[in-house]
Every structure is written in structure tokens, then in C-alpha cells.
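Everything quoted here is computed from the prediction, not taken from an experiment. We count residues from 1, following the sequence as given.
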Amino acid sequence: MSSTLRTVPRLALRVPASAKLSALRLPAASTSSARTLARAYSSQQQRQYQLPRTRKAGTGGILGVLAAGALAGWYFYSKQQDETPAWKKVNYQNVYKDIADLLEDENYDDGSYGPVFVRLAWHASGTYDKKTRTGGSAGATIRHAPESEHGANAGLNVARRRLEPLKQKYRNISYGDLYTLAGVVGVQELGGPTVQWRPGRSDKQADACTPDGRLPDAAQGADHVRDIFYRMGFDDREIAALVGAHALGRCHTYRSGFDGPWNASPTVFTNFFYTELLENTWVPKKWDGPKQFVDKPTGAFMMLPADMAFKTDPRFRTYIELYARDQDTFFNDFSAAFAKLLELGVKFPEDAPTYRFKPLD
């Protein structure tokens with residue numbers, strides 16, 4: 001095509017010999033007649049030697065087809081992008097890494113946000129009621145009042161605030177997916193087991209908030225613990241495995257009223273909750289706060305009344321003893337129970353993949 005276009009100027013300037021002879025043989029005439037003939041000749045030349053319309057139409061036609069094709073491709077690509085579910089537009093491996101980068105902070109608590117991320121995921125999910133099929137992490141209603149202000153959720157605004165920049169960075173991720181994935185990161189990056197996780201939760205507004213009282217009351221005993229967890233669909237073994245998360249973090253008087261860590265390594269996921277519970281001697285703490293227990297030798301560590309129920313209840317104690325002597329079994333059971341907890345009440349898309357993230361080096 002380019003060679004054809006390069007010949008156009010030369011073709012437009014060529015005048016056939018016959019046309020030149022005709023011009024030389026014009027008979028004498030008056031000035032007006034000569035002008036008339038000249039205009040007629042000029043008009044004839046323009047008609048005879050102007051660029052053929054077919055050549056112009058051919059070039060424009062090809063370009064037009066190409067442009068139309070590009071426009072159609074862009075339209076269908078854009079339409080496909082618009083129809084892609086938001087959760088499919090997120091690189092969850094990148095989100096995992098970014099959450100892990102938020103964990104360490106020497107100015108916060110024991111130096112890590114991991115424990116409070118685990119608690120956020122736990123409390124966002126543990127509101128599920130299998131009878132009414134309400135609550136759970138599908139909706140992330142824990143970010144709305146009044147649920148965010150329930151006594152059991154005191155202090156979790158710290159975790160939500162820490163994660164908010166990632167919600168702004170990954171706008172297609174739901175809060176439900178972000179909060180539960182943060183719990184997985186907290187467990188794994190602090191030395192715990194791998195926990196499988198799926199995306200696809202949809203967020204809900206404040207009118208879907210769950211009523212107060214669906215989370216465990218730390219001041220209660222075994223019967224209360226079973227009522228809460230049975231409502232979610234867990235059995236005794238799963239309940240005993242989940243409570244092992246108390247190896248992480250500590251209680252704060254300005255949040256729960258209780259005070260202190262459960263063991264000497266609150267930022268490492270281990271089976272120490274069970275070993276401390278069984279092997280230490282626990283006595284009521286003498287103070288003005290709510291009833292709790294401290295270890296008799298040092299008074300540095302604490303247990304909640306609900307924790308002590310796992311030691312005194314025969315059925316729970318069977319699993320506590322198992323996990324105290326076998327951390328691998330605890331890790332396997334906790335991984336399965338925690339993954340189940342994070343998915344309670346969630347209707348995942350059929351094509352939602354299951355992730356098993358590797359801890360970062």
C-alpha cells in the first residue's frame with residue numbers, strides 16, 4: 001500500500017501527449033471564448049486526472065475495518081472486565097504478603113499485631129448461628145455499630161484500623177475476606193499450622209449486625225462454652241482445639257477487664273496454652289478486677305474462668321491432655337477447626353479456589 005501511495009503525486013502531475021497537442025491546436029478565438037475553452041479544458045483535466053475514488057475508498061475502508069475491529073475488541077474486553085466478580089480481580093498472595101508486613105511493630109503490645117488479627121478473624125466468624133443461618137464472616141458486620149461495640153469486641157478497632165490501608169489498596173477485596181485472611185496470616189506467620197482459606201465473601205451493611213451475646217463469655221464455665229460452640233456447629237474436640245489460640249496475645253484491662261498473657265511467648269503459636277494449663281498451679285488473683293487466675297509461682301501468667309473449665313471438665317480435659325503432649329496433633333486439629341470457623345455461613349462461589357499460603361521467609 002505504501003508504494004501505491006508514493007506514486008500518487010507523480011500520477012497527478014502527468015499530462016498525456018494527446019492532451020498537450022489538443023491544447024496547441026486551439027483555433028484563434030476571442031478572449032472570452034478562450035477563457036471559456038480554458039475553463040472547460042481545466043475542468044476536463046481535473047475530472048480526468050483526479051485520484052480515483054476507488055483508491056481513496058480502499059485505503060479508508062481498510063483503516064475503517066481495523067478501527068472497527070479495535071473498537072469491538074475494546075468493547076468486549078471492557079464488558080468482560082465489568083462482568084468479572086470483584087473477588088477474582090484480587091491477587092491474594094500479594095494481600096497475604098502485605099498483611100504479613102503489617103505484623104511487626106515494637107510500639108504495639110508485645111511487638112506484633114498477629115494475635116489481634118487472629119482475634120479479629122475469630123470474632124468476625126464466631127457469631128454464626130446454624131439454626132437461623134445468620135452471622136459469621138460473610139458480611140463482616142463486625143465493622144459496624146452496634147456489633148463493633150459489643151463487649152467481646154472491645155479493642156478490635158485497633159486491628160481494623162491497621163488493615164484499612166490494605167482495603168483501600170485492594171479495593172476489590174471484601175472486608176470479610178480481608179479480616180479472615182488476616183487471621184490466617186497471624187496464625188501462620190507466628191509459627192502455627194497452615195490454614196486453608198477461600199475468597200468470595202460479600203460484605204453487608206449495619207442492618208445485618210448480629211445481636212450481642214453470641215461470642216463466648218470468658219467469665220463462664222463449660223456449659224456456657226458448649227452452648228456457644230454447639231450453636232456454631234462444633235464438637236468438643238474442635239472446641240478444645242480452637243481454645244489453643246490463647247497461646248497468642250494477652251488480655252487488657254481497658255478492653256476485657258482481664259489482664260496478662262497466658263504464657264511467656266505470646267507472639268509464638270505453640271501448644272503452650274495446654275501445657276501451662278495442666279502443669280502450672282493456678283490460684284485466684286487478688287485484685288479489684290473480675291475473677292481470673294494467675295500461676296502460683298510467679299503471678300506473671302493468667303487463665304480465665306472459661307479456660308479453667310477445660311481443665312476441670314472431664315470430656316474437655318481428654319483433648320487438653322492430648323494437645324499438651326502432641327503439638328503436631330494440635331496443629332492438625334486447630335488448622336481444620338479454624339478453617340471451618342472462618343467459613344461458617346459463607347456461600348462461596350462455585351469456582352472459588354482454596355489457598356494454602358506458604359509462610360514468608
Side-chain angles (χ1 to χ4, degrees), residues 118-138 141-142 147 150-154 156 180 183 187 192-193 195 210-249 251 256-258 262-263 271-278 280 282 284 290-293 302-326 329-346:
V118 174
R119 181 170 169 246
L120 174 65
W122 207 116
H123 285 215
S125 307
T127 57
Y128 181 66
D129 183 344
K130 65 181 182 181
K131 291 183 179 180
T132 62
R133 297 181 180 180
T134 58
S137 62
T141 52
I142 195 172
E147 189 174 331
H150 292 168
N153 293 328
L156 288 178
T180 53
V187 170
V195 179
T210 58
D212 201 358
R214 287 196 176 184
L215 294 170
D217 182 348
Q220 301 298 316
D223 289 342
H224 168 78
V225 170
R226 284 194 172 91
D227 286 344
I228 294 295
F229 282 90
Y230 285 3
R231 187 206 70 229
M232 289 185 259
F234 291 108
D235 60 26
D236 285 358
R237 181 165 183 152
E238 292 170 319
I239 299 169
L242 286 172
V243 77
H246 280 176
L248 296 177
C251 289
S256 63
F258 302 101
W262 283 269
N263 61 78
N271 67 338
F272 285 0
F273 170 78
Y274 306 107
T275 58
E276 289 291 339
L277 181 61
L278 292 178
N280 239 325
W282 300 95
K291 182 179 180 180
Q292 70 175 68
F293 298 83
M302 69 95 201
M303 286 286 166
L304 303 167
D307 295 328
M308 297 300 293
F310 288 90
K311 184 176 182 177
T312 58
D313 182 90
R315 285 185 289 168
F316 280 146
R317 184 173 178 123
T318 299
Y319 301 113
I320 301 304
E321 291 175 348
L322 170 63
Y323 298 147
R325 66 175 180 265
D326 189 344
T329 298
F330 162 53
F331 273 21
N332 289 335
D333 287 359
F334 178 86
S335 175
F338 195 59
K340 176 180 175 178
L341 172 68
L342 301 184
E343 295 191 353
L344 292 176
V346 182

Worksheet item: Is there a side-chain contact (heavy atoms from CB on, under 4.5 Å) between I320 and K311 once you walk through the steps?
Response: CA-CA 7 Å; I320 301 304; K311 184 176 182 177; over 6 Å; no

Worksheet item: Who pairs with D326 by side-chain hydrogen bond (donor to acceptor under 3.5 Å, both in side chains), at least two apart in sequence or on another chain?
Response: T329

Discussion item. For a 4.5 angstrom cut-off between non-hydrogen side-chain atoms, does H224 reach D217?
Written reply: yes

Worksheet item: Heavy-atom distance under 4.5 Å between the side chains of L304 and S256, does that happen here?
Response: no

Discussion item. According to salt bridge (Lys or Arg N to Asp or Glu O under 4.0 Å), who are the partners of K340, at least two apart in sequence or on a separate chain?
Written reply: E238

Worksheet item: Going from CZ on F293 to NZ on K291, what distance comes out if it is rounded to the nearest 0.5 angstrom?
Response: 4.5 Å

Fill in: Check: S137 side chain, L342 main-chain N or O, donor-acceptor pair, under 3.5 Å
yes

Discussion item. Once rounded to the nearest 0.5 Å, what's the spacing between atom CE of M308 and atom CH2 of W282?
Written reply: 8.0 Å

Item to complete: With sequence neighbours excluded, tell me which residues meet salt bridge (Lys or Arg N to Asp or Glu O under 4.0 Å) with E276.
Response: none

Practice prompt. State, to 0.1 Å, how close A324 and L278 come at their nearest heavy-atom pair, and which atoms those are.
Written response: CB-CD1, 3.8 Å

Fill in: Minimum-distance pair of heavy atoms, taken over all atoms of A218 and P305
O-CD, 3.4 Å

Worksheet entry | Interatomic spacing from CZ in F331 to CZ in F338 - rounded to 0.5 Å | 13.0 Å

Item to complete: Could you pull out all residues at least two apart from R325 that satisfy salt bridge (Lys or Arg N to Asp or Glu O under 4.0 Å)?
Response: none

Worksheet item: What are the two closest non-hydrogen atoms of S125 and L344, and how far apart are they?
Response: O-CD1, 4.2 Å

Discussion item. Can you give me the closest heavy-atom contact between I142 and L156, atom names plus distance?
Written reply: CD1-CD1, 3.8 Å

Item to complete: Quick one: list whatever passes side-chain hydrogen bond (donor to acceptor under 3.5 Å, both in side chains) with T141, sequence neighbours left out.
Response: E147

Worksheet entry | Test side-chain contact (heavy atoms from CB on, under 4.5 Å) applied to D227 - qualifying residues, sequence neighbours left out | none

Item to complete: For R315, enumerate each residue passing the salt bridge (Lys or Arg N to Asp or Glu O under 4.0 Å) test, keeping only those at least two apart in sequence or located in another chain.
Response: D236

Worksheet item: Roughly how far, to the nearest 0.5 Å, is the OG1 atom of T312 from the CG atom of L277?
Response: 9.0 Å

Discussion item. On a heavy-atom basis, which atom in L215 and which in A152 lie closest, and how many Å separate them?
Written reply: CD1-CB, 3.8 Å

Discussion item. Keeping R133 on the side-chain end and G345 on the backbone end, is there a donor-acceptor pair under 3.5 Å?
Written reply: no

Worksheet, complete the sentence: In short, A222 meets A309 closest at the heavy-atom pair N-CB, 3.5 Å

Discussion item. Within the supplied structure, the quantity of interest is the number of heavy atoms (other residues, nucleotides, ligands) at a distance under 6.0 Å from F272 CZ; does it exceed 12?
Written reply: no

Fill in: Any side-chain heavy-atom pair of Y319 and D333 under 4.5 Å
no

Worksheet item: Considering residues at least two apart in sequence or located in another chain, which fulfil the side-chain hydrogen bond (donor to acceptor under 3.5 Å, both in side chains) criterion with D235?
Response: none

Discussion item. The test is side-chain contact (heavy atoms from CB on, under 4.5 Å); show your working for Q220 and I228 and say whether it passes.
Written reply: CA-CA 11 Å; Q220 301 298 316; I228 294 295; over 6 Å; no

Practice prompt. Assess whether side-chain contact (heavy atoms from CB on, under 4.5 Å) is satisfied between Y128 and E343, documenting all intermediate values.
Written response: CA-CA 10 Å; Y128 181 66; E343 295 191 353; over 6 Å; no

Worksheet entry | Any residue meeting side-chain contact (heavy atoms from CB on, under 4.5 Å) with F229, in chain and number order, not counting sequence neighbours | W122, P216, V225, M232, F234, I239, L242

Worksheet item: For P211, what residues pass the side-chain contact (heavy atoms from CB on, under 4.5 Å) criterion, not counting sequence neighbours?
Response: R214

Worksheet entry | Counterpart residues, side-chain contact (heavy atoms from CB on, under 4.5 Å), relative to V243 (two or more places apart) | H246, F273, Y274, D307, F310

Fill in: Residues that N153 engages under side-chain hydrogen bond (donor to acceptor under 3.5 Å, both in side chains), provided they are two or more places apart
H123

Worksheet item: How many angstroms lie between CZ in R231 and OG1 in T132, if you round to the nearest 0.5 Å?
Response: 8.5 Å

Worksheet item: Are the side chain of D212 and the backbone of H150 linked by a donor-acceptor contact shorter than 3.5 Å?
Response: no

Discussion item. Keeping T127 on the side-chain end and G136 on the backbone end, is there a donor-acceptor pair under 3.5 Å?
Written reply: yes

